[in-house]
Amino acid sequence: MGKEEEIVMAFFGIGKRKDEEEDEEFDLEAEKEEERRDRKLSRKLKDLSPENKRRRKEPPKPWGKKERIIVLSVLLVTVVTSAVLALTARDFNLPNFPKLSFDKNSFKFSSPFGEDKIILGGKKETPDTKTEDMKRAFNEKTKNLSGTYAFYLVKLENGREIGTNEDEKMTAASLIKLPVFIALYKEAESGNIDLETKYTLKNSDKRTGSGSLYGKPAGTILTYRDMARLMGKESDNTSFNILKNILGEDKINAVINEVGMTQTSIKENTTSPKDVGILFHKLWNENLINKASRDEMLGYLTDTIYEKWISSGIPPEFDVAHKYGREVHVVNDAGIIRSEKPFVLVLMSKGVVEDQADKIFPELARTIYEFEK
């Protein structure tokens with residue numbers, strides 16, 4: 001073998017030993033990696049054993065029992081709250097469902113079957129057939145409507161009274177202006193106020209809502225009588241605010257007490273159909289102000305800008321001196337129908353759908369007038 005051949009063999013021999021060493025190192029590393037995998041798997045299997053359950057960290061669950069209870073509770077509270085608010089807005093009175101109410105003397109609920117109310121534990125007078133028919137007709141027309149409807153009627157020739165829900169305390173809306181009207185004329189009759197006194201309008205006097213005085217510029221001059229006319233013809237809120245401040249609540253409350261309006265509060269803006277009916281009855285009989293003041297006041301309450309409610313249900317040949325009022329879920333109208341046999345009619349509502357009330361009020365007035373004529 002030559003020298004060159006020995007060099008070549010030596011070279012390949014070194015390369016062979018290096019390959020063998022690398023294979024041994026690879027096999028050793030592979031064995032170590034396999035041992036690591038075995039140990040890791042063994043730890044996992046051991047961790048899954050029952051005795052290690054408490055130490056084991058479970059992955060978080062998105063909907064645990066606690067979370068489900070919280071979510072269910074929130075949903076229930078939301079549903080119940082929404083239902084209560086909806087019923088409150090409708091005065092706990094839905095179409096074709098009896099209305100529950102409580103008082104200290106009896107438990108009662110309205111019936112959808114014709115009678116105005118059923119009373120347990122109390123006495124109910126038996127009215128004449130005509131009165132009963134009038135009440136039944138009123139209930140038939142309103143039973144499929146949301147909210148509470150009430151009426152109160154006084155026959156001016158004999159003072160006889162008929163009503164349904166007439167003692168129910170309700171939002172007065174603009175009917176609360178009636179005691180202010182009376183107080184103004186009483187003060188004028190006593191000489192404490194001159195209705196021709198001039199008043200200069202201020203921006204702070206203005207109240208939004210009904211009436212045209214709100215749109216007049218500050219500095220506009222008008223008399224107390226002008227404001228009485230606006231309060232009657234337009235139910236003007238700014239005129240009401242000014243006259244209420246001029247008179248003061250004490251004098252207005254004195255009128256409320258004199259009339260006997262036990263459910264009426266100017267602060268709370270509440271009254272009842274019977275309270276309003278009593279006021280009109282005493283006004284007509286000149287028990288509150290004299291005939292001249294009465295006739296002027298009734299004139300301001302006749303042919304107003306609000307003639308689509310009671311007035312629309314009464315034949316046009318008869319004058320209707322009335323006061324209209326409206327708020328959210330509230331429509332009211334009340335006054336004196338000067339027909340062949342004059343009578344006071346009060347229609348009030350609460351928790352109603354206003355569009356429904358707008359449509360039914362003329363029908364109710366017409367129905368009651370037909371019974372009365």
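Numbering starts at 1 and runs along the sequence shown. The structure presented is a predicted model; accordingly, all values stated were derived computationally and were not measured.
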Test log, rule side-chain hydrogen bond (donor to acceptor under 3.5 Å, both in side chains), inputs D319 and T302: CA-CA 7 Å; D319 289 335; T302 304; 5.8 Å; no
Does S339 form a side-chain hydrogen bond (donor to acceptor under 3.5 Å, both in side chains) with K373? I'd like the steps, not just the answer. CA-CA 8 Å; S339 58; K373 78 174 185 177; over 6 Å; no
In sequence, state the C-alpha distance, the side-chain angles, and the governing distance for D133 and K130, and then conclude on salt bridge (Lys or Arg N to Asp or Glu O under 4.0 Å). CA-CA 5 Å; D133 288 345; K130 184 178 177 180; over 6 Å; no
Dump the intermediate steps for side-chain contact (heavy atoms from CB on, under 4.5 Å) on M134 and I368, then the final yes or no. CA-CA 7 Å; M134 182 188 294; I368 291 171; 4.2 Å; yes
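For N290 (side chain) and A292 (main-chain N/O), a donor-acceptor pair under 3.5 Å exists by modelled atom type. Listed for the E187 side chain is no donor-acceptor partner under 3.5 Å among the backbone atoms of L247.
Between V276 and L178 the shortest heavy-atom distance is CG1-CD1, 4.0 Å.
The number of heavy-atom neighbours closer than 6.0 Å to NZ of K216, taken from other residues, nucleotides and ligands shown, is 12 or below. Heavy atoms from other residues, nucleotides or ligands lying under 6.0 Å from OH of Y214 number 12 at most.
Under a 4.0 Å N-O distance rule, the pair K291/D295 qualifies as a salt bridge. A salt bridge is defined here as a Lys NZ or Arg NE, NH1 or NH2 lying under 4.0 Å from an Asp or Glu carboxylate O, and K282 with E258 fails to meet this definition.
Using a 4.5 Å heavy-atom cutoff, the side chains of F371 and L153 are not in contact. V330 has its side chain out of reach of M348: every pair of non-hydrogen atoms, C-beta onward, lies at least 4.5 Å apart.
Atoms CG and CE, from N241 and M231 in turn, are 11.5 Å apart once rounded to the nearest 0.5 Å. A distance of 7.5 Å separates CG of L301 from NZ of K323, quoted to the nearest 0.5 Å. The line from NZ of K206 to OG1 of T220 is 7.0 Å long, rounded to the nearest 0.5 Å.
Checking R326 against S235 by side-chain atom types alone, no donor-acceptor pair falls below 3.5 Å. Looking at Y324 and S210, their side chains never bring a donor and an acceptor atom within 3.5 Å of each other.
The aromatic rings of Y369 and F318 sit tilted relative to each other, their planes meeting at an angle between 30° and 60°.
Evaluated for a side-chain contact (heavy atoms from CB on, under 4.5 Å) with I182, the options I256, I252, V259, I289 yield exactly one hit, I289.
Checked against ring pair (Phe, Tyr, Trp, His ring centres under 6.0 Å), F151 has the following partners two or more places apart in sequence or in another chain: F138.
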